[in-house]
Amino acid sequence: MLFENLNLIKPIQRALKAEGYTKPTPIQQKSILPILEGKDFLGCAQTGTGKTAAFAIPVLQNLFNDKITSEKGKRYIRALILAPTRELAIQIEENFTAYGKYMDLKNTVIFGGVSQSSQVRALKSGVDILIATPGRLLDLVQQKYIDLHHIKYLVLDEADRMLDMGMVHDVKRIIAEVPKVRQTMLFSATMPREITKLVDSILIDPVRVEVTPVSSTIDTIQQGVYFVQKKNKKSLLIDLLKDKSIVSALVFSRTKHGANMITRYLDKAGINAQAIHGNKSQSARQLALNNFKEGKTRVLVATDIAARGIDVEGLSYVINYDLPNIPETYVHRIGRTGRAGLKGIAVSFCDEEEKEYLSDIQKLIRKVIPVIEDHKYPVEITEPVVNRIKPKNDSNKKSNSNSYSNRRKSAVKSNGFKK
Ligand code: AMP
């Protein structure tokens, strides 16, 4: 299927061409027509699947086609997109700008942690599309800078993450302010019970689409795990990054303090790195992200929340310096690479204390992550870390064999991956 088959208007087709998009991704193939028809939509999709364009393209077209009945020249916020983090909100806004660049629609983004004055100025000049994090949005609604009564299109992106971050109460308050007659779209990588409840209360007979469920890591990503003692992780990281073929790498740290520490250590070793996490000011985060995107910084060290929404074209390497204790987070992390069908590599460092996390991750993704043994700091892990991985189907049983010895046999015997 091509974009031409999706009844898209010329200005959007032109913009997609300018972006270099030719084929809609699976979620886009299934979302664009129903959303253009005005249906509510529930997308179970993680980042990297093209989910932003899956709602941004049809929302832009619907806005373009709507007959505006407002007073001359005055714009009202007609589409509202809620996102859990500033990085994701900025990313979404960039997508709206890109896909809508040949249309006379205005969008802006608001988020907390920065002064509100430039955001208020942008709002006063009139916008059609508002992308917002819930807290700042409510704040500006209360200050009467934002009127939600003209909203016709409401999108909740990464709803599960909003829930995790304790934003559900704010989200509900926002929804109460938005007109009941509207089109609602909700995207979530996972569908815990609370999300299902939210879906039932705010979506009407939605079209449901699920692509690459969070438990199935994207096949184009090669994964590997290094067993290493905590104290040797820094040296192992430096060894890996000595490989010049790694043009850019995103390194994940569980804590902000850890991210700073890793960055300092890399800097000392002459490896150009910057950190991005919640304790940094918004401008410092944006600068670090831009430097990374432009290739000025080779290594970006991030915490999970700060990394949400980071979208770096062609990122080929993700390193989990710490394993996350929530297995879904692993899937989100490695989804930073291997985007839009590109190849990616994701390696993880696992110390003795993290083997339980590894076990949980492998159960979730129903895959055994090959062990990379050929490095300077090998360590024996005393217990099987893999147990009771239920294969997806019987034919997978062999390759997904759950015995420790088999896993050891499947260890990759090169420094990294077979080329
Ligand atoms: P998302 O899942 O929305 O974060 O998108 C992941 C990446 O895929 C972004 O870099 C998008 O610009 C890119 N992308 C989205 N749709 C397409 C498409 N149809 N063709 C090529 N790249 C795309």
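Counting starts at 1 for both ligands and their atoms, in listed order.
Sequence neighbours left out, the pairs with a member in residues 127-157 that pass ring pair (Phe, Tyr, Trp, His ring centres under 6.0 Å) are Tyr76-His150. Sequence neighbours left out, the pairs with a member in residues 20-62 that pass ring pair (Phe, Tyr, Trp, His ring centres under 6.0 Å) are Tyr21-Tyr99, Phe41-Phe187, Phe55-Phe187.
Ligand 1 has an N or O atom lying under 3.5 Å from an N or O atom of Gln28, backbone or side chain. Inclusion of Thr49 in the set of residues having an N or O under 3.5 Å from an N or O of ligand 1 is warranted.
Of the listed options Tyr21, Phe3, Tyr99, Tyr21 places a heavy atom closest to atom 11 (C) of ligand 1.
The two atoms that bring Leu2 and Thr22 nearest to each other are CD2-O, 4.0 Å, heavy atoms only.
Listed by number with element, the atoms of ligand 1 under 4.0 Å from a non-hydrogen atom of Lys23 are 18 (C), 19 (N), 20 (N). Atoms of ligand 1 found under 4.0 Å from any heavy atom of Thr52, numbered from 1 in the order shown, are 1 (P), 3 (O), 4 (O).
A salt bridge is absent between Asp200 and Lys197: the closest approach of a Lys/Arg side-chain nitrogen to an acidic carboxylate oxygen does not fall below 4.0 angstrom.
Geometrically, Lys10 does not engage Tyr102 in a cation-pi contact, judged by NZ or CZ lying under 6.0 Å from the ring centre and within 45° of the ring axis.
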